[in-house]
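Reviewing the structure listed below.
Quick note on labels: first sequence line is chain A, next is B, and so on, each numbered from 1.
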Protein chains: 2
Amino acid sequence: MNVDGRLARGQRTRTAVLDAAVSLASASGLDGLSLGHLAESLGVSKSGLFAHWRSKEELQLATIDRAVAQWQEQIIAPALRTPRGVRRIHALHEARIVFYAGRVLPGGCFFATTEFEFNARPGAVRDRLAEVIAAWTAFLERLVAEAVELGELPADTDVALLAYEIDAYGIAAAMRSRLLDPEVTYRHARSGVLGRLRALCPDPALLPEGPS
Amino acid sequence: MNVDGRLARGQRTRTAVLDAAVSLASASGLDGLSLGHLAESLGVSKSGLFAHWRSKEELQLATIDRAVAQWQEQIIAPALRTPRGVRRIHALHEARIVFYAGRVLPGGCFFATTEFEFNARPGAVRDRLAEVIAAWTAFLERLVAEAVELGELPADTDVALLAYEIDAYGIAAAMRSRLLDPEVTYRHARSGVLGRLRALCPDPALLPEGPS
DNA sequence: TACTAAAAAGAACGACCGGTCGTATATATT
DNA sequence: AATATATACGACCGGTCGTTCTTTTTAGTA
């Protein structure tokens, strides 16, 4: 288990840089993120960054991967610890709102910011972001499909549509919570999805009580 | 009605510049929009822009105003030509989707892009964008409230929540239509709102037929 | 025709951008 | 102890950024 101390040091630096990069990019975008600012905010030299990534684009791609891992840990993992079906769907959405409301990232949502930033800019970054959102969409649809299979949602449910709707509530929350009243926004995002699921789910005991 | 030819020329230039600025900013953001590119794409000198706006920020603010006017003409005006109530709500959403699907702007949606870009960057631009989205939200809520008053939606409808939901479908469409399958995305955005309104509206004749 | 004012161009600026290079410093291997 | 390697640094490059200043062109006025 003894690892090379040099590699360990590099790994430590890499992680610290990418964590800071995800934070900064969530607020300023992957393009607005400048190597000079990033290096300065970490107390390292700009040129030192090039020892780990040969170009800014490579660092941008690595930053995306890091943000995916963070999303996996903080939003997807909690949901997977919840029983399949509507409860898992609800847990996923709830973890997302908690993540936004907890101000984990200064910009709110890394993916919402960067996907809007790059959706009209061809290149490797855009392609990678498209892959990420496709995987996220597929995951959401799988959760909805499972709920249908379990009989917790009607058999004629439009799975892709419901997944779209749930995601839309989250995206809107990420945007509006920073420009309008956050509390009101989160309440809408929460009760929107909850109301939707409650209207479809035949077993009301599976979902939390509370004001619509 | 005879106007000063010099001023008229300036007005023409100003309009042309702002139209191009809205287009470019919808794809690259208000910050990614560089004065050099903007000037070059118009066949104008960079310094000439400063005859009309004293700084980039001033031009950014003017660009926002121009985008608001465009939104007013192409999305709000058509809706206001439709009878009040759920039909007007539906017309508004439909005009929005048509605007996105018609590729009027290369980036899809000026506001979605810039609001995500600036939601974590304090300053005059962010403040102006916050005003714009607040006005848009108020407008949407007014349309929903009118439908309730007309009896086309239940009296106990959560007006602000329904307005949030309708807007969320639009925001999600702007983002996903550029990274995932556009046709599927627009179908979801359309049938999502339509399904929502049909489930609430007691008079089915007010809304178009068609698959869910 | 002379004068004025608006619009636009041109050249130049300091600051910062992403990126390169040579070098110094740790840590490992022999 | 000598050597190799991964990491990190400081100095610097060409280019672009927003911005300023000066000059020229265009249009209206007396």
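When the side chain to side chain contact (heavy atoms under 4.5 Å, CB included) test is applied to Ser47(B), the partners found at least two apart in sequence or on another chain are Ser45(B). In this view, Val44(B) and Leu42(B) satisfy the side chain to side chain contact (heavy atoms under 4.5 Å, CB included) rule, not counting sequence neighbours. Applying the salt bridge (charged side-chain N to carboxylate O under 4.0 Å, His left out) criterion to Arg178(A), with sequence neighbours excluded, gives no partner residue. Taking Asp127(A) as the reference, nothing meets the salt bridge (charged side-chain N to carboxylate O under 4.0 Å, His left out) condition, with sequence neighbours excluded. Phe118(B) is linked by a ring pair (Phe, Tyr, Trp, His ring centres under 6.0 Å) to nothing, counting only residues two or more places apart in sequence or in another chain.
As rounded to whole Å, 11 Å separates atom P of dA8(D) from atom CG of Leu42(A). Computed from coordinates, the Leu38(B) CG to dC17(D) C1' distance equals 14 Å when rounded to whole Å. In this entry the distance linking CG of Leu49(B) with P of dC17(D) reads 12 Å, nearest Å. In this structure, Glu40(A) atom CD and dA15(C) atom C1' are separated by 14 Å, rounded to whole Å. Counting to the nearest Å, the P atom of dG18(C) and the NE2 atom of His37(A) are 9 Å from each other.
Ring planes of Phe116(A) and Phe116(B): parallel class, angle under 30° (limits at 30 and 60°). Ring geometry for Tyr169(A) versus His93(A): interplanar angle over 60°, hence perpendicular rather than tilted (30 to 60°). The aromatic rings of Phe111(B) and Trp71(B) stand perpendicular to each other, their planes meeting at an angle above 60°, with 30° marking the opposite boundary.
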Write down the protein N/O and nucleotide N/O pairs, taken from nucleotides 9-14 of chain C, whose separation is under 3.5 Å; answer none if there are no such pairs.
unit_1  : atom_1 : unit_2   : atom_2 : d
dA9(C)  : OP2    : Ser45(B) : N      : 2.7
dA9(C)  : OP2    : Ser45(B) : OG     : 3.0
dA9(C)  : N7     : Ser47(B) : OG     : 3.2
dG10(C) : N7     : Ser47(B) : OG     : 2.8
dG10(C) : O6     : Ser47(B) : OG     : 2.8

Got a list of protein N/O to nucleotides 27-30 of chain D N/O distances below 3.5 Å?
unit_1  : atom_1 : unit_2  : atom_2 : d
dG28(D) : OP1    : Gly5(B) : N      : 2.7

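As judged by a 4.0 angstrom heavy-atom cut-off over every strand, Leu7(B) is placed among residues touching the sugar-phosphate backbone only.
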Validation: residues 74-85 of chain B side-chain donor-acceptor distances under 3.5 Å, sequence neighbours left out:
unit_1   : atom_1 : unit_2    : atom_2 : d
Thr82(B) : OG1    : Pro78(B)  : O      : 3.2
Arg84(B) : NH1    : Glu146(B) : OE2    : 3.1

Identify each donor-acceptor pair in which a side-chain atom of residues 56-63 of chain B lies under 3.5 Å from a protein atom, sequence neighbours left out, and give them as a table.
unit_1   : atom_1 : unit_2   : atom_2 : d
Lys56(B) : NZ     : Asp31(B) : O      : 3.0
Lys56(B) : NZ     : Leu33(B) : O      : 2.8
Glu58(B) : OE1    : Arg54(B) : N      : 3.2
Gln60(B) : NE2    : Leu30(B) : O      : 2.8
Thr63(B) : OG1    : Leu59(B) : O      : 2.7

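Side-chain contact annotation: Arg96(B) with Tyr100(B), donor-acceptor N/O pair under 3.5 Å present.
A sub-4.0 Å separation between OP1 or OP2 of dA8(D) and a side-chain N or O of His52(A) is present.
Taking a 4.0 Å limit (strictly below) on heavy-atom distances, residues 56-64 of chain B reaches DNA chain D at Lys56(B). Residues from residues 22-35 of chain B lying near DNA chain D, meaning a heavy-atom separation below 4.0 Å, are Leu33(B), Ser34(B), Leu35(B) in numerical order.
Applying the salt bridge (Lys or Arg N to Asp or Glu O under 4.0 Å) test to every pair with at least one member in residues 5-26 of chain A, sequence neighbours left out, gives these pairs: Asp4(A)-Arg6(A), Asp19(A)-Arg66(A).
Using a 4.0 Å cut-off between charged side-chain N and carboxylate O, Asp167(B) and Arg176(A) make a salt bridge.
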